[in-house]
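Every chain is numbered from 1 and lettered A, B, ... according to where its sequence line falls, protein lines coming before strand lines.
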Amino acid sequence: MSKFLPKRDEDYSLWYNELVKKADLAENSAVKGCMVIKPYGYSIWEKMQSILDTKFKETGHTNAYFPLLIPKSYLSKEASHVEGFAKECAVVTHYRLKNDPNGKGVIVDPDAKLEEELIIRPTSETVIWSTFKNWVQSYRDLPLLINQWANVVRWEMRTRLFLRTAEFLWQEGHTAHATKEEAIKETETMLDIYAEFAEQYMAMPVLRGIKTANERFAGAEETYCIEALMQDGKALQAGTSHFLGQNFAKAFEVKFAPKEGKLDYVWGTSWGVSTRLMGALIMAHSDDEGLVLPPLLAPIQVVVVPIFKNEEQLQSIRVKIDPLIKELRQKNISVKFDDRDTQTPGFKFADYELKGVPVRIAIGPRDVENNTLEIARRDTKEKKSIPADTASGEIEALLKDIQLNIYQKALAYRNTHTTEVNSYEEFCNVLDTKGGFILAHWDGTSETEQKIKEDTKATIRCIELNTKQEAGKCILTGKPSTQRVVFARAY
RNA sequence: CGGGGUGUAGCGUAGUCCGGUCAUCGCGCCUGGUUUGGGACCAGGAGGUCGCAAGUUCGAAUCUUGCCACCCCGACCA
């Protein structure tokens, strides 16, 4: 048991915060709500980026970069969009500072007031669609499949490292299509990419669904999402893909000449995942000893801790272990050999557990003599001694097994924390006792959803895709319903 | 912005009621030695405008006033 981390079941959010800091992932900065992503945390994000970026390119998208600052007037061109974001925009009003004539420091130069204020992007639809206007004339220019990796700023009231920060890193895809069908297909394709990434790489099962009108992206016709379940029974929206209809095309006058017929507005989509995925990854698998990282995203997949009393012993360990390290690296497995003599082995064991390194190899004089290694897996903390000669294959298999095992563990948790309920009383009871996803009938109105939210803080996370049709009665109003929807308390 | 709370070394803290050898302790850091198969030990050492400013006082971490920052709960949200 770690003496250094709070326990999950005692104070989950304290555990999360401390883990993020102690595992060297991120820390708070001088500006409230903004975080410093530390090298270890950033290297996990880089892995996520690189995998997603490859998937985006494989599906025909190309990267571009649009500016951070957006003229204020752009934001108001799409009515529901501005309504959704206006309350959390940082605004640039001046372009110069000057020395404070009354003393030390600098002040904003009142003479340097901008004619039109600039908004720091909370998302880039407006600036991108104003650009798309110039890029699209003909059906030959479509589809336009653009992605950008960027930072955005949303001035949130309450922030938490990775889960909700005032500035965050993300990717935002923005596409334009000739037909509605094609745009919807794109929206669904990108949702699938997110879901596959979450499940295959993050080892985190997700529900795929659509949002209700209440939870829809400001300016979208339909918002698709992936929803994950965290270990405290709360849901986390892990990615969204929006079908924008012709809303932004109309707002920014993006028309094209089709093969046949008259000039028409294009159909749009946008989709994004953010550094919030880091929060999801941390909460999905980690335990009271620290992070548990899926091998496919772990910056260090295997750490070797030599146990030695002197330089001579270390040397004999090196000779023994070097071929294995080379062999693993040839298999594209990242290996760290930690031969620091400034920390004890016990310290290193605990430290790499805190950092979530999936596999640890310990090797000391005894092993050198017996031609063995001790390998330990982070997910189950099982240790065993194995012959050194077959270690490479065994470790390779072990990494695969860990990846699978933590996925199944998360899936099993989700299964036991997904409950069908048929009355409001039962609903409230499950919500307060075990949390998780709650499948219940709903009459389809925003009023009912709103009332339930006010009562219980639970929201409809999504209406699952391909959900089975089933006659029932709304848990609140008793009105008829044709399918269950997914409720949960959420981050 | 409402309600509650907290600011003392890199981190975590004692002391604040009742002003005066009071700047405490632990972790971490540095030096030396002994250690090293699950977060080592001993000895020595460095490190502080006690959040900021003004005031009361012979004297303020401690009392008064103002300001600032952060945390928790709510409204808002990827």
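Toward the 5' end of RNA chain B, the nearer of the two residues Asn17(A) and Arg216(A), judged by each one's closest nucleotide, is Asn17(A).
Among the atoms of the strands shown, none is found under 4.0 Å from any heavy atom of Asn28(A). Base engagement by Arg360(A) is indicated by at least one non-hydrogen atom pair under 4.0 Å involving a base atom. Looking at heavy-atom distances under 4.0 Å, Glu156(A) makes contact with a base. If you check every strand for non-hydrogen atoms under 4.0 Å, Tyr491(A) touches nothing. Note on Ser274(A): a base of the nucleic acid sits closer than 4.0 angstrom, heavy atoms only. Within the nucleic acid shown, Asp341(A) has no heavy atom closer than 4.0 Å to any nucleic acid atom. Using a 4.0 Å heavy-atom criterion, one finds that Leu163(A) contacts the bases of the nucleic acid, with or without backbone contacts as well. Residue contacts for Thr223(A): at a heavy-atom cut-off of 4.0 Å it reaches no nucleic acid atom on any strand shown.
Annotation: side-chain hydrogen bond (donor to acceptor under 3.5 Å, both in side chains) contacts of Asp53(A) (sequence neighbours excluded): Lys57(A), Asn63(A), Trp149(A). For Ala458(A), the side-chain contact (heavy atoms from CB on, under 4.5 Å) criterion is met by Phe427(A), Leu431(A), Thr456(A), Arg489(A), not counting sequence neighbours. With sequence neighbours left out, the side-chain contact (heavy atoms from CB on, under 4.5 Å) criterion links Asp401(A) to Arg377(A). Checked against side-chain contact (heavy atoms from CB on, under 4.5 Å), Ser274(A) has the following partners two or more places apart in sequence or in another chain: Phe168(A), Trp170(A), Arg276(A). In this structure Gln231(A) satisfies the side-chain hydrogen bond (donor to acceptor under 3.5 Å, both in side chains) test together with Arg8(A), sequence neighbours excluded. Partners of Ile386(A) according to the side-chain contact (heavy atoms from CB on, under 4.5 Å) rule, which considers only residues two or more places apart in sequence or in another chain, are Leu373(A), Ile375(A), Lys384(A), Ala391(A), Glu394(A).
Phosphate contact (OP1/OP2 of G74(B), side-chain N/O of Lys457(A), threshold under 4.0 Å): present.
Applying side chain to side chain donor-acceptor pair (under 3.5 Å) to Thr269(A) and the options Thr175(A), Thr189(A), Thr187(A) leaves one that passes, Thr175(A).
Taking atom CD1 of residue Ile363(A) and atom P of nucleotide U36(B), one finds them 18 Å apart after rounding to whole Å. Across the protein-nucleic acid pair, Ile317(A) atom CD1 and U36(B) atom P stand 13 Å apart, rounded to whole Å. Per the geometry, NZ belonging to Lys453(A) stands 5 Å off P belonging to C76(B), to the nearest Å. Rounded to whole Å, the distance from CZ on Arg154(A) to P on A78(B) is 6 Å. Atom CD in Glu125(A) sits roughly 12 Å away from atom C1' in A78(B) (whole-Å rounding). One interatomic measurement links the two molecules: CE of Met204(A) to C1' of A78(B), which rounds to 13 Å at whole-angstrom precision.
To the nearest 0.5 angstrom, Ile51(A) atom CD1 is 10.5 Å from Gln200(A) atom CD.
Counting only residues at least two apart or in different chains, ring pair (Phe, Tyr, Trp, His ring centres under 6.0 Å) contacts with residues 5-33 of chain A comprise Tyr12(A)-Trp15(A).
Between His242(A) and Phe217(A), the ring-plane angle classifies as parallel under the 30° and 60° cut-offs.
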Pairs under 3.5 angstrom, nitrogen or oxygen only, protein versus nucleotides 40-46 of chain B, please.
residue : atom : partner   : partner atom : Å
A40(B)  : OP2  : Thr344(A) : OG1          : 2.6

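For His81(A) and Phe248(A), the distance between ring centers is under 6.0 angstrom.
Contact annotation: side chain of Gln343(A) to base of G39(B), donor-acceptor pair absent below 3.5 Å.
Side-chain atoms of Arg366(A) lie closest to G37(B) of the nucleotides G39(B), G37(B), A78(B).
Non-hydrogen atoms lying under 4.0 Å from RNA chain B are contributed by Glu374(A), Lys383(A), all within residues 372-390 of chain A. Scanning residues 302-315 of chain A for heavy-atom distances under 4.0 Å to RNA chain B yields Ile307(A), Phe308(A), Lys309(A).
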Show me, pair by pair, the donor-acceptor contacts under 3.5 angstrom made by side chains of residues 82-92 of chain A, not counting sequence neighbours?
none

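Pairs of Watson-Crick or G-U wobble type, with distances under 3.5 Å, assemble into runs of 3 or more in RNA chain B at these ranges: B:1-7 with B:68-74, B:10-12 with B:25-27, B:29-34 with B:40-45, B:51-55 with B:63-67.
Cation-pi geometry between Lys77(A) and Tyr74(A) is met: the NZ or CZ atom falls under 6.0 Å from the ring centre, inside 45° of the normal.
Side chains of Ile37(A) and Leu25(A) form no contact here, defined as non-hydrogen atoms less than 4.5 Å apart.
For Lys211(A) and Glu227(A), the salt-bridge test passes: some basic side-chain N is under 4.0 Å from an acidic carboxylate O.
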